[in-house]
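Being a predicted model, the structure only gives us computed values, none of them experimental. In what follows, every chain begins at residue 1, and chains take the letters A, B, ... in the order their sequences are listed.
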There are 2 protein chains.
Amino acid sequence: MVDKSVATRAQIVTAADRLFYQHGFEHTSFTAIAEAVRISRGNFYYYFKTKDEILAAVIEERLAATREMLRRWEASDPAGRIRSFIRIVVTNGPDIQRYGCPVGTLTTELAKVEHPSRPAAVALFTLFREWLAEQFTALGRGADADALALHVLALSQGIATLSHAFGDDDFVRREVASLETWLATVIDRPEGNRCSSFC
Amino acid sequence: MVDKSVATRAQIVTAADRLFYQHGFEHTSFTAIAEAVRISRGNFYYYFKTKDEILAAVIEERLAATREMLRRWEASDPAGRIRSFIRIVVTNGPDIQRYGCPVGTLTTELAKVEHPSRPAAVALFTLFREWLAEQFTALGRGADADALALHVLALSQGIATLSHAFGDDDFVRREVASLETWLATVIDRPEGNRCSSFC
DNA sequence: GTCTATAAGGAGATAGAC
DNA sequence: GTCTATCTCCTTATAGAC
């Protein structure tokens, strides 16, 4: 039955997505995924021949979900879109505090084990990077849009990593507030009049 | 022979340190460490009863090495010390591009697998955090020294993560230059006159 | 202190019945 | 489509000779 097949496959991807995020790719076993979906390990291989295939499907799923999120954010103006991004670390605060950034932690893990899907994971970063650069360009900062995008991305990554390590809510809120203030000054100020390259 | 025992043990810790950094703790097997030190797997257990014991020794070693590095930096004035920290991502640029930040990647991995040594790894972060806060206090920013320390730590983490993901040298240099400029303004400026909470 | 041999368990992956 | 049974490989860890 095609419908059932599609549904079970989607359940596997959803469960694997969550477990890879919470416990890491390598640390998540077939047994753990099978138990989460409530199917046998054998049935598993009807849908995915290898563990790497599941990972590829999970990354595809995350790419699609991220594109959909960015699409929803386009309801705001460019400055509001960037603020939506900046606020992720607050919006998803509890998850990030427990498990870190889903993009950063996956990319790092796959790099350490030299996994073939590493470039696909980096593409998640690239998606945010290019989308942020577009917003800065729309705000009249086309000349250094990519640099500004990377700056926002880097600080968000750092906030996520330290939130994960220290579990300090105040720190996250403080950094996000500061980054939003920075954003406001970056947008309004002409290029020659800044306190630093990014300000 | 005690001397030999000490030397072999140190070699194991050094090799494990490097391999844990390059390939991750879980992905590094006893076999890999034993081959690196050129001893048999059996001999291995004469020095360490479990893999977790090696990890604990590696973290202790990293803590000691970090304290020693911070001690050397004390030859500079407080502002110079903070600049030494900021420049790590350039000084260790190639390693960080390949393997990420040794502190951040280890802490994240241990959290995902809920490893008992996770708090010890976080202590590495705390060491930098408190040392940075001391320097900001010495610069007359005692009121928000910890917040400033966390800010520098967070941005450095983010730079390391993106350097690892994208392998972009220019980005790293740009961010470090910007952070150094920021540092100069933060030190000189009275508390009321800033373009953002940190500037 | 160092070695070889081996135990015990878990992983990914396969075969074939239903 | 789903299952049980099984295979193979690799891991950590142990026992005991030298």
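Distance B/F30 CZ to D/dT11 P: 11 Å, rounded to the nearest Å. A/Y45 places its OH atom 7 Å from the P atom of C/dT14, with the value rounded to the nearest Å. Between the OH atom of A/Y46 and the P atom of D/dT4 there is a distance of 18 Å, rounded to whole Å. B/E53 places its CD atom 14 Å from the P atom of D/dT12, with the value rounded to the nearest Å. Between the NE2 atom of A/H27 and the P atom of C/dG10 there is a distance of 13 Å, given to the nearest Å. C/dT4 atom C1' lies 17 Å from atom CZ of B/F44, rounded to whole Å. The nearest whole Å value for the distance from the CD atom in B/E35 to the C1' atom in C/dC3 is 16 Å. The distance from atom CD of B/E26 to atom P of D/dC10 is 18 Å, rounded to the nearest whole Å.
Between A/N43 and A/T28, the one whose closest nucleotide on DNA chain C sits nearer the 5' end is A/T28. Of the residues near DNA chain C, A/T50 and B/T8, the one whose nearest nucleotide (by heavy atom distance) lies more toward the 5' end is B/T8.
Nearest nucleotide to the side chain of A/S40, out of C/dG12, D/dT4, D/dT12: D/dT4. Of the candidates D/dT12, C/dT4, D/dG1, the closest approach to any side-chain atom of A/S5 belongs to D/dG1. With distances taken from any side-chain atom of B/I39 to the nucleotides C/dC3, C/dG12, D/dC3, the minimum falls on C/dC3. Listed nucleotides D/dT11, C/dT4, C/dA13 differ in distance to B/S29; the shortest reach to its side chain belongs to D/dT11.
Taking 4.0 Å as the cut-off between side-chain N and carboxylate O, B/E68 and B/R71 count as a salt-bridged pair.
Remark: the backbone N or O of A/K112 is not paired with any side-chain donor or acceptor of B/H23 at under 3.5 angstrom. The closest donor-acceptor contact from the side chain of A/T105 to the backbone of A/C101 lies under 3.5 Å.
B/F20 does not carry B/R62 over the face of its six-membered ring by the limits of under 6.0 Å from the centre and within 45° of the normal.
Taking the six-membered ring for Trp, B/F166 and B/F171 have ring centres at least 6.0 Å apart.
OP1 and OP2 of C/dG1 both lie 4.0 Å or more from every side-chain N or O belonging to B/Y47.
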